[in-house]
Amino acid sequence: MVPGMTDLFQSAGLESDAPRPLADRLRPQTLDEVVGQGHVLGADSPLGRMLAQGRLSSIILWGPPGVGKTTIARLLADASGLEFHPLSAVFSGVADLKKAFEQARGRRAAGKGTLLFVDEIHRFNRAQQDGFLPVVEEGVITLVGATTENPSFELNAALLSRCQVLVLKRLDAAALELLLERAETAEGRKLPLTPEARDALIAMADGDGRYLLNLAEEVLRLEAETPLSTAELGRFLQRRAPVYDKDREEHYNLISALHKSVRGSDPDAALYWLARMLGAGEDPLFLARRIVRMANEDIGLADPTAIHAALAAKETYDFLGSPEGELALAQAVVHLACAPKSNAVYTAWKAAQRLAGQTGSLMPPAHILNAPTRLMKEQGYGKGYEYDHDAPGGMSGQDYFPDAMKDRPRLYEPKDSGREAAIAERLERWRALRDKRRG
């Protein structure tokens with residue numbers, strides 16, 4: 001649109017007559033009307049305290065789509081008496097930033113402050129993000145950035161140190177229901193839905209208020225004579241894919257939830273997170289690799305069959321593909337979740353790595369060295385070695401650590417769980433024999 005064209009329409013009163021989506025018409029006009037974000041907008045919240053003190057610091061609004069980031073930024077400008085200047089990092093570059101900074105300096109000279117709202121701020125590269133530092137430092141702008149990505153990973157540490165990060169929540173069912181009631185009031189009629197279909201409509205929105213209002217607008221256009229059932233609603237509206245990006249934070253959040261559900265012996269939660277990831281398009285082989293890791297890290301020798309089940313699931317998926325092969329992944333997840341747990345080998349391996357790094361190049365004791373040459377025999381290699389299979393009980397009790405190591409560490413401490421309980425009993429007998437032999 002030609003610059004100034006919007007102002008011409010507004011002055012002529014034409015803009016109000018133009019068709020506007022329901023979500024736009026219901027956009028909150030005050031901060032009190034924003035739903036679901038009381039933790040950042042209430043009187044005792046960070047923003048509430050800032051506004052009460054008549055100051056607004058630069059902030060980053062981090063949250064999923066459709067929870068009010070843009071609306072909050074616009075209303076903060078109104079409440080603070082600042083000029084609202086929006087930019088999108090998707091469509092803007094260095095030239096746009098320089099122009100915005102120059103305009104802000106001009107307003108400042110005239111006694112007017114600027115709230116620069118940058119949507120999708122994480123899409124600016126590191127150099128572009130650095131460009132904000134001097135104007136934020138000097139107070140030329142109050143920066144409000146919006147992002148759906150974890151600022152810790154996507155924004156410069158220097159920029160984060162100058163901004164307060166506020167986390168906006170996914171809208172819960174109560175907040176979404178309030179939006180539907182506002183939509184019905186604005187339209188002067190109820191949504192033609194059964195109570196169950198109304199709940200289904202809220203579930204379809206997946207915490208996104210804007211998307212919910214778009215769905216509601218579609219339902220209102222149907223002008224149904226009788227309330228729609230859940231099944232009828234499903235035929236009219238298509239459920240969108242869950243918010244999920246395989247190389248972003250949600251990927252790591254969900255795989256963490258899956259792994260910890262298995263570790264916590266909850267097969268139901270583990271199956272749920274597995275279904276969430278597969279339903280969102282996650283690579284099944286990535287999941288298979290993580291399941292193998294779970295078997296080693298969290299089950300270990302408490303159930304030695306767990307690793308075989310994990311590897312078999314991977315082979316089955318390779319053979320069958322989706323969707324049939326996904327059942328094998330589910331079976332492995334349930335096996336691991338229900339198995340006795342032990343991280344004893346995992347812990348022992350980490351301790352062994354630390355010990356090896358600390359002790360350098362200590363030689364093994366001479367009695368366990370091979371002596372294939374005469375010179376090596378003369379040096380004592382292999383002298384005194386006892387063949388364990390010939391010893392009573394199949395265990396000689398000899399020492400196998402370097403002679404220079406005075407303390408004999410216990411790296412592997414089996415848990416009293418599953419098959420490791422029996423291993424623990426054997427190890428205690430063998431360690432007692434070694435201690436007795438060392439005197």
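- At distances below 3.5 Å, at least one donor-acceptor pair connects side-chain atoms of Asn125 with backbone N or O atoms of Gln128.
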TODO: Check step by step if side-chain contact (heavy atoms from CB on, under 4.5 Å) holds for Met363 and Asp403.
DONE: CA-CA 8 Å; Met363 284 286 290; Asp403 294 329; over 6 Å; no

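- For the pair Thr71 (side chain) and Gly68 (backbone), a donor-acceptor distance under 3.5 Å is absent.
- Using a 4.0 Å cut-off between charged nitrogen and carboxylate oxygen, Arg410 and Glu428 count as a salt-bridge pair.
- The existence of a salt bridge linking Arg431 and Glu413 is confirmed by a sub-4.0 Å separation between a basic side-chain nitrogen and an acidic carboxylate oxygen.
- More than 12 heavy atoms of other residues, nucleotides or ligands shown are found within 6.0 angstrom of CD on Glu181.
- With respect to the salt-bridge test (charged N to carboxylate O, under 4.0 angstrom), the residues Glu218 and Arg221 do not qualify.
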TODO: Could you walk me through whether Asp119 and Ser88 pass side-chain hydrogen bond (donor to acceptor under 3.5 Å, both in side chains), step by step?
DONE: CA-CA 5 Å; Asp119 196 19; Ser88 171; 5.2 Å; no

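- Within 6.0 Å of the NZ atom in Lys415, the count of heavy atoms belonging to other residues, nucleotides or ligands exceeds 12.
- Side-chain contact check for Asp298 and His259: at least one donor-acceptor pair (N or O, by modelled atom type) lies under 3.5 Å.
- Panel note: side chain Glu120, backbone Val118; no donor-acceptor pair is recorded below 3.5 Å.
- Using a 3.5 Å distance cut-off with no hydrogens or angles, the side chains of Ser261 and Asp266 do not pair a donor with an acceptor.
- Formation of a donor-acceptor pair under 3.5 Å by the Asp96 side chain with backbone atoms of Gly93 is found in this model.
- Donor-acceptor pairing under 3.5 Å is lacking for the side chains of Lys341 and Ser417.
- Remark: the Ser256 side chain and the Lys260 side chain contain an N/O donor-acceptor pair separated by less than 3.5 Å.
- The local environment of CG in Asp24 is crowded, with over 12 non-hydrogen atoms from other residues, nucleotides or ligands closer than 6.0 Å.
- Atom CG of Asp416 has 12 or fewer neighbouring heavy atoms from other residues, nucleotides or ligands inside a 6.0 Å radius.
- With hydrogens and angles ignored, the 3.5 Å screen pairs no side-chain donor or acceptor of Arg74 with any backbone N or O of Phe117.
- The environment of CG in Asp390 is crowded: more than 12 heavy-atom neighbours from other residues, nucleotides or ligands sit within 6.0 Å.
- Under 3.5 Å, the side chains of Glu420 and Ser342 contain a donor-acceptor pair of N or O atoms.
- With a 6.0 Å radius and a threshold of 12 heavy atoms from other residues, nucleotides or ligands, Lys314 has its NZ atom at or below the threshold.
- Although no hydrogens or angles enter the test, the distance criterion places a donor-acceptor pair under 3.5 Å between the side chain of Asp172 and the main chain of Ala175.
- Under a 4.0 Å N-O distance rule, the pair Arg198/Glu177 qualifies as a salt bridge.
- Defined by atom type and a distance below 3.5 Å, a donor-acceptor pair is missing between the side-chain atoms of Ser58 and Arg162.
- Ser322 and Tyr317 are linked by a side-chain donor-acceptor pair at a separation below 3.5 angstrom, with hydrogens and angles left out of the test.
- A distance-only check finds no donor-acceptor pair linking the side chain of Glu154 to the backbone of Arg123 [under 3.5 Å].
- A salt bridge links Glu217 with Arg25: at least one charged nitrogen is closer than 4.0 Å to a carboxylate oxygen.
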- [ ] Could you please spell out the steps behind the side-chain contact (heavy atoms from CB on, under 4.5 Å) verdict for Leu166 and Gln37?
- [x] CA-CA 10 Å; Leu166 301 178; Gln37 309 302 339; over 6 Å; no

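- Counted by atom type alone, His335 and Asp303 present one or more donor-acceptor pairs between their side chains at under 3.5 Å.
- For Gln129 (side chain) and Phe124 (main-chain N/O), a donor-acceptor pair under 3.5 Å exists by modelled atom type.
- In summary, the side chains of Asp32 and Thr30 do not present any donor paired with an acceptor at a separation below 3.5 Å, with no hydrogens or angles considered.
- A salt bridge links Glu297 with Arg263: at least one charged nitrogen is closer than 4.0 Å to a carboxylate oxygen.
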- [ ] Begin from the C-alpha positions of Leu168 and Ile72 and carry the test side-chain contact (heavy atoms from CB on, under 4.5 Å) through to its verdict.
- [x] CA-CA 10 Å; Leu168 302 186; Ile72 290 172; 4.0 Å; yes

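- Salt bridge status for Arg437 with Asp399: absent, with no side-chain N to carboxylate O gap under 4.0 Å.
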